There are 2 protein chains.
Amino acid sequence: MKMNEGVEWAMHSCVNLSWLPGQAVTAKHLAAFYDLPTAYLNKQLQALTRAGILSSVSGPKGGFQLARDPRKISLLDIVVAIDGADDAFRCTEILRVGPGADPKADYRKVCEISQAMRAAELTYRRELAGQTIAAVAERVVQNYPDAPDNTRHRFANLKS
Amino acid sequence: MKMNEGVEWAMHSCVNLSWLPGQAVTAKHLAAFYDLPTAYLNKQLQALTRAGILSSVSGPKGGFQLARDPRKISLLDIVVAIDGADDAFRCTEILRVGPGADPKADYRKVCEISQAMRAAELTYRRELAGQTIAAVAERVVQNYPDAPDNTRHRFANLKS
DNA sequence: GAGCACTTACTCGGATACGTACTGTCCGAGTTCGATGGG
DNA sequence: CCCATCGAACTCGGACAGTACGTATCCGAGTAAGTGCTC
């Protein structure tokens with residue numbers, strides 16, 4: 001069980017974008033910031049755009065920017081946008097074949113194992129839903145007050 | 001992000017084994033119980049054996065049985081045994097390339113994003129670690145008091 | 001000199017290959033039981 | 001009749017293919033700016 005690597009890239013990119021409000025940043029620049037493959041990062045940014053987290057503009061002077069207030073963007077939103085909304089544990093309802101099977105029962109709700117796994121994933125998602133891009137960025141600022149300025153400076157110095 | 005399907009099979013098999021204490025059950029029988037591919041289930045049972053959750057005996061009259069008290073087997077134990085112990089979210093420390101990078105820093109502990117994701121996975125694992133095979137089996141009995149007897153009966157009737 | 005049309009360059013977007021890991025299967029090592037031959 | 005030896009059948013164990021998904025890349029659609037021409 002491993003999560004898409006693009007999730008990490010997307011989260012860092014969103015934090016960076018939260019420090020450059022109102023301006024469109026190209027995928028090329030976002031990729032150069034962490035030395036990532038441009039085309040592949042672009043693919044992740046597209047997913048974020050489809051999910052309504054980013055807004056995109058084509059053409060020269062185009063790029064990506066946050067589509068809404070970073071306080072309204074949770075880490076779960078990003079995970080769902082890139083990694084999908086499905087649970088990691090998939091109940092295939094094998095109990096249907098077991099003894100005393102009830103064809104019309106929903107074993108995803110009856111099966112105790114399924115319930116336990118879903119409950120665990122629920123706490124996981126609840127935790128991620130409680131963390132926002134703004135909150136993460138705020139904690140970064142507390143530890144490294146110069147981070148936003150450094151970021152803006154670096155983006156300004158990325159040529160072409 | 002999806003989990004190995006074998007996790008579900010392994011959990012159900014462990015619950016069934018908890019109702020047949022002291023006797024070795026073959027992979028063939030455990031597979032027939034839910035109409036699963038025998039060889040593939042066997043592979044999962046091997047993993048559980050390597051993890052010390054099951055004990056195995058070869059030859060005729062051989063098979064698998066729980067290696068310890070089901071109250072000491074958590075759902076997390078099974079997930080780790082089959083799906084691996086690695087976290088789903090992998091911090092690749094891309095901040096090393098960013099501005100003000102400190103080559104000797106451990107960004108898995110410094111990076112706020114990495115910390116948030118690890119915290120979420122920790123709650124997930126804590127939840128799974130709190131659930132045992134015995135507890136799950138107990139809840140099944142509360143809802144279906146005949147389940148253990150039905151299971152034993154069905155295993156007894158599986159010929160060859 | 002001002003306005004308009006065209007060209008150009010740049011960016012996002014989706015369609016297309018590649019690699020890894022989950023899924024599924026097979027055959028060999030080891031063990032127990034039963035049969036058989038001898039004492 | 002009892003025991004030892006041999007053979008056979010059954011099970012786990014690890015090694016071997018098939019397939020789906022994550023990873024990586026490329027080229028086309030669309031857009032805005034810049035340029036040159038016309039009025």
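Labels below follow one simple rule: chain letters A, B, ... track the order of the sequence lines, proteins then strands, and each chain is numbered from 1. Note that the structure is predicted; figures quoted are calculated from it, not measured.
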- Rounded to the nearest Å, what distance is computed from the CD1 atom of residue A:Ile82 to the P atom of nucleotide D:dT23? 11 Å
- Query: For DNA chain C, what residues of residues 6-23 of chain B have any heavy atom nearer than 4.0 Å?
  - Reply: B:Trp9
- So side chain to side chain donor-acceptor pair (under 3.5 Å) across residues 1-15 of chain A, not counting sequence neighbours, yields A:Glu8-B:Thr92
- Query: In whole angstrom, what separates B:Lys28's NZ from D:dA9's P?
  - Reply: 14 Å
- Task: Please list residues of residues 33-56 of chain B whose heavy atoms come under 4.0 Å from any atom in DNA chain C, ordered by number; otherwise none.
- Result: B:Pro37, B:Ala39, B:Tyr40, B:Lys43
For nucleotides 27-35 of chain C, print each protein N/O atom paired with a nucleotide N/O atom at under 3.5 Å, atom names and distance only.
from	atom 1	to	atom 2	distance (Å)
C:dG30	N2	B:Gly59	N	3.4

- Item | All side chain to side chain contact (heavy atoms under 4.5 Å, CB included) counterparts of A:Ala32, not counting sequence neighbours | A:Leu158
- Message: Can you list everything that forms a salt bridge (charged side-chain N to carboxylate O under 4.0 Å, His left out) with B:Asp102? Sequence neighbours excluded, please.
- Response: B:Lys104
- Message: Would you say A:Arg90 places a side-chain N or O within less than 4.0 Å of OP1 or OP2 belonging to C:dC22?
- Response: no
- Starting from P on D:dC21, measure out to CE on A:Met1 and report it in whole angstrom. 17 Å
- For DNA chain D, whose closest nucleotide is more 5', that of A:Asn4 or that of B:Ala27? B:Ala27
- Report the C-alpha distance between A:Arg96 and B:Asp35 in whole Å, list the side-chain angles of each, state the deciding distance to 0.1 Å, and finish with yes or no for salt bridge (charged side-chain N to carboxylate O under 4.0 Å, His left out). CA-CA 10 Å; A:Arg96 288 192 179 283; B:Asp35 197 21; over 6 Å; no
- Item | Protein-nucleotide distance (B:Glu5, atom CD; C:dT25, atom P), rounded to Å | 13 Å
